[in-house]
Participant: 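If you scroll down you'll find the structure; I have some questions about it.
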Amino acid sequence: MPELPEVEVSRRGLEPFIAGRTVTAAVLRTPRLRNDIPEGLTALLPGLHLQAIHRRGKYLLFDFGCGQLLLHLGMSGSLRLVPPGTPPQKHDHFDLCFPDTVMRFRDPRRFGVLDWLEGLGQQHPLLNALGIEPLTDDFSGDWLYQATRARRAPIKPVLMDAHLIVGIGNIYASESLFLAGISPLRAACRIGRERCERLAGAVKETLAASIAAGGSSVRDYVHSDGGAGCFQLQCAVYDRAGTSCTHCGTPIRSTRQAGRSTYWCPCCQT
DNA sequence: AAATAATCCTGCGGGC
DNA sequence: TGCCCGCAGGATTATT
């Protein structure tokens with residue numbers, strides 16, 4: 001389940017091996033994922049020079065100067081580097097081939113996005129409404145405090161609202177709230193300045209720690225051709241309903257918020 | 001304006 | 001053993 005850390009680790013793992021190279025071929029095996037994939041995509045890519053890979057939220061942007069390839073991993077997507085000639089497996093939808101390696105996109109549930117944006121310095125419409133990047137200095141306790149004053153919904157779904165803050169998925173939302181000692185059920189507007197400060201810090205810490213954990217195994221992640229392709233830190237609360245809180249021993253509780261499972265310690269989180 | 005529900009899809013685990 | 005059901009997840013869209 002790629003959240004921001006997995007996307008960033010993929011970006012860092014891929015860039016040294018394919019940035020600066022020229023595309024030799026592109027192969028598409030699926031006509032649509034979450035979007036209709038543009039008709040001429042595989043024809044226009046060969047010969048283009050990949051300048052850099054950027055990330056915005058959970059989107060990866062492959063920058064060719066004259067245009068960008070936009071890719072979202074959805075909920076089950078992964079990117080790997082495989083040797084040329086490696087036979088594709090089920091759910092391998094797209095290959096971007098370079099002289100000595102192939103970037104292969106696999107996505108069993110097909111919630112991913114693959115699109116092309118022609119032109120220099122354009123911004124894809126899917127990026128227009130995205131919120132703040134949580135790992136930048138702009139995202140602070142003060143920013144979070146101001147941004148949540150009019151939000152009466154529980155803090156957990158608010159944290160996951162990509163129009164407000166990008167990159168925080170279901171797992172890291174629960175984990176960040178645990179670290180900050182804040183109940184996921186608490187109305188966002190009823191969290192004070194000081195606790196917003198703690199929460200912003202907890203979000204940064206949780207995401208950064210996960211990137212660091214993945215970062216140490218980037219090669220394995222991007223180069224492995226099997227396995228879950230998922231490396232999240234040991235979770236303190238997520239998917240631990242009924243087990244003892246690591247801090248106080250109270251049984252972890254779970255519920256559903258806005259259609260998503262939420263986990264928290266009723267003792268440590270208020 | 002904000003909050004919620006439905007939607008896309010496949011794999012997997014539980015229950016019978 | 002195998003089938004059915006529910007659930008998992010991100011983000012868009014539609015609906016209150």
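A note on names: the letters A, B, ... follow the listed sequences, proteins ahead of strands, and every chain is numbered from 1.
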Participant: What is the distance from CG of A:Leu164 to C1' of B:dA3, rounded to the nearest Å?
Facilitator: 14 Å

Participant: Within this structure, what is the CG-to-C1' distance between A:Asp36 and C:dT12, rounded to whole angstrom?
Facilitator: 14 Å

Participant: Decide whether A:Gln257 and A:Thr262 meet the rule of one side-chain donor and one side-chain acceptor closer than 3.5 Å.
Facilitator: yes

Participant: Under 4.0 Å: is that the gap between some side-chain N or O of A:His72 and OP1 or OP2 of C:dA11?
Facilitator: yes

Participant: Using a 4.0 Å heavy-atom cut-off, does A:Ala258 contact any base of the nucleic acid, only the sugar-phosphate backbone, or nothing at all?
Facilitator: nothing

Participant: Find the distance A:Asn35:CG to B:dT7:C1' and express it as a whole number of Å.
Facilitator: 15 Å

Participant: Mind checking the CG-CZ spacing from A:Leu73 to A:Arg109? Nearest 0.5 Å is all I need.
Facilitator: 13.5 Å

Participant: How do A:Arg32 and A:Gly259 order along DNA chain B: which one's closest nucleotide is nearer the 5' end?
Facilitator: A:Gly259

Participant: May I ask you to verify whether the side chain of A:Arg151 and the base of B:dA3 hold a donor-acceptor pair under 3.5 Å?
Facilitator: no

Participant: Where the side chain of A:Ala150 is defined as all heavy atoms beyond and including C-beta, which of B:dA2, B:dC9, C:dA8 is the nearest nucleotide?
Facilitator: B:dA2

Participant: Please state whether the rings of A:Phe64 and A:Trp116 are parallel, tilted or perpendicular, taking 30° and 60° as the class boundaries.
Facilitator: tilted

Participant: What nucleotide among C:dG10, C:dA8, C:dT12 has an atom nearest to a side-chain atom of A:Phe111?
Facilitator: C:dG10

Participant: When you measure from the side chain of A:Leu126, which nucleotide among C:dG10, C:dT12, B:dT10 comes out closest?
Facilitator: C:dT12

Participant: Give the nucleotide from the list B:dT10, C:dG10, C:dT12 with an atom nearest to the side chain of A:Arg110.
Facilitator: B:dT10

Participant: Is A:His91 close enough to B:dG11 that one of its side-chain N or O atoms is under 4.0 Å from OP1 or OP2 there?
Facilitator: yes

Participant: Considering only heavy atoms and no angle criterion, is a donor-acceptor pair shorter than 3.5 Å present between the side chain of A:Arg260 and the base of C:dG10?
Facilitator: yes

Participant: Which of the following nucleotides, C:dA11, C:dA8, B:dC9, is nearest to the side chain of A:Ala162?
Facilitator: C:dA11

Participant: Hey, does the side chain of A:Thr148 reach the backbone of A:Tyr145 with a donor-acceptor pair shorter than 3.5 angstrom?
Facilitator: yes

Participant: Rounded to whole Å, how long is the line connecting atom CG of A:Leu60 with atom P of C:dA11?
Facilitator: 12 Å

Participant: From CG of A:Asp161 over to C1' of C:dT12, roughly how many Å is that when rounded to an integer?
Facilitator: 12 Å

Participant: To the nearest Å, how far apart are A:His93 NE2 and B:dT10 P?
Facilitator: 9 Å

Participant: Determine: side-chain N/O of A:Arg256 to OP1/OP2 of C:dA8, distance under 4.0 Å, yes or no.
Facilitator: yes

Participant: Distance to the ring centre below 6.0 angstrom and angle to the axis at most 45 degrees; does that hold for A:Arg55 and A:Tyr59?
Facilitator: no

Participant: Could you tell me the separation between the CG atom of A:Asp63 and the CG atom of A:Leu69, rounded to the nearest 0.5 Å?
Facilitator: 10.5 Å

Participant: What's the CZ-C1' distance between A:Arg34 and B:dC9, to the nearest Å?
Facilitator: 13 Å

Participant: Whole-Å distance between B:dG11 P and A:Arg109 CZ?
Facilitator: 9 Å

Participant: On the nucleotide B:dG11, are OP1 or OP2 found under 4.0 Å from the side-chain N or O atoms that A:Lys90 carries?
Facilitator: yes

